[in-house]
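Bear in mind the structure is a predicted one, so any value in this text is a computation, not a measurement. When reading the values below, keep in mind they use all heavy atoms of this one structure, side chains included, and skip hydrogens, waters and symmetry mates. Just so you know, residue 1 is the first one in the sequence shown, and it goes up from there.
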Amino acid sequence: MTNYGTIPSSSSPGTSTKLEYISRAKERVKAGLGTRQPWKVMFNFRSFNFPGNISEAGTRARTNIAYFTMNYALVVLIILFLSLLWHPISLIVFIVMAIAWVFLYFLRDEPLVVIGRTIDDRVVLLVLGVLTIVFLLLTHVTLNVLLSLLIGVILILIHGVMRKTDDLLLDEETTGLLSTAPAAGASVGAGSTSS
């Protein structure tokens, strides 16, 4: 009875690594979804109007795409999913390939090792990309997928150009945009300081 009061450890070492992998995957998914902006901010109808000129439209589109990246990705995935509802075999292939992408590319921390050989990330990316295209071609929904992606891109561009950026809480680290001129900073809602 020397172990009385201790927490028993798992009998197989593989179980703890699987649990660690699952917890890391959860953390990555939460971090990715954490960059999603609130839908109320995205669809605040008071923030929509026509841009004054082409330059302003381009600035708005770049800023909104950087700010709402995760929201836009979710919209495109929902449109793609809805377009595949009438093609159940293609939907199954899409889901299987999405799972393969998630586990073999997006959620990996360590290099992929197959039969004792380390596989480069570019090779994994190339193989998954080719397999996805081939499987979608085999299910005869290529035009359907291309049209749904085109619809998604058009919706993103319309939203990006029409939504004002004055009320966005811009952070240079999140958006990846750096304002070099005071006029550019003023057009995206950054406060100007007088020196």
Say you draw a straight line from CZ of F94 to OG1 of T139; how long is it, rounded to the nearest 0.5 Å? 11.0 Å

Cut-off 3.5 Å, no hydrogens considered: what does the side-chain donor-acceptor table look like for residues 42-51, sequence neighbours left out?
residue: N44; atom: OD1; partner: R46; partner atom: N; Å: 3.3
residue: N44; atom: ND2; partner: S47; partner atom: OG; Å: 3.3
residue: S47; atom: OG; partner: D167; partner atom: OD2; Å: 2.7
residue: N49; atom: OD1; partner: R60; partner atom: NH1; Å: 3.1
residue: N49; atom: OD1; partner: R60; partner atom: NH2; Å: 2.6

Would you name the heavy atoms of V145 and L84 that are closest together and state the gap between them? CG2-CD2, 4.2 Å

Hydrophobic cluster membership, V127 vs F135, 4.5 Å side-chain cutoff: yes

Under 4.5 Å between side-chain heavy atoms, counting indirect links through other Ile/Leu/Val/Met/Phe/Trp/Tyr residues: same cluster for W101 and V114 or not? yes

As an exercise, state the distance from CD1 of I54 to CD of E56, rounded to the nearest 0.5 Å. 11.0 Å

Heavy-atom closest pair (N144 atom, S83 atom, distance to 0.1 Å) is ND2-O, 2.8 Å

Value rounded to 0.5 Å, distance of CD in Q37 from CG in N71: 6.5 Å

Do NZ/NE/NH1/NH2 and the carboxylate oxygens of D166 and K164 come within less than 4.0 Å? no

So if you build clusters from Ile, Leu, Val, Met, Phe, Trp, Tyr with side-chain heavy-atom gaps below 4.5 Å, do L146 and L91 land together? no

Before giving the answer on side-chain contact (heavy atoms from CB on, under 4.5 Å), spell out for T63 and R163 the whole-Å C-alpha distance, their side-chain angles and the decisive distance to 0.1 Å. CA-CA 10 Å; T63 303; R163 191 186 189 298; over 6 Å; no

Donor-acceptor list for residues 72-80 side chains, cut-off 3.5 Å, not counting sequence neighbours:
residue: Y72; atom: OH; partner: H159; partner atom: ND1; Å: 2.6

Could you check whether atom CG of L82 has more than 12 heavy atoms from other residues, nucleotides or ligands sitting under 6.0 Å from it? yes

From the options I156, I158, I151, select the one residue that forms a side chain to side chain contact (heavy atoms under 4.5 Å, CB included) with I154. I158

State the CG-CG distance between L104 and L125, to the nearest 0.5 angstrom. 12.0 Å

In terms of heavy-atom contacts, G160 and N64 come closest through O-ND2, 2.8 Å

Just so I know, are the side chains of I65 and R62 near enough to count as touching, which here means a heavy-atom distance under 4.5 Å? no

What pairs with I92 under side-chain contact (heavy atoms from CB on, under 4.5 Å), at least two apart in sequence or on another chain? V96

Should W86 and I89 be counted in the same cluster of Ile, Leu, Val, Met, Phe, Trp and Tyr side chains packed under 4.5 Å apart? no

Do L147 and L155 belong to the same hydrophobic cluster, where Ile, Leu, Val, Met, Phe, Trp and Tyr are linked whenever their side-chain heavy atoms lie under 4.5 Å apart, directly or via other members? no

For the CZ atom of F103 and the CG atom of L112, what is their distance to the nearest 0.5 Å? 13.5 Å

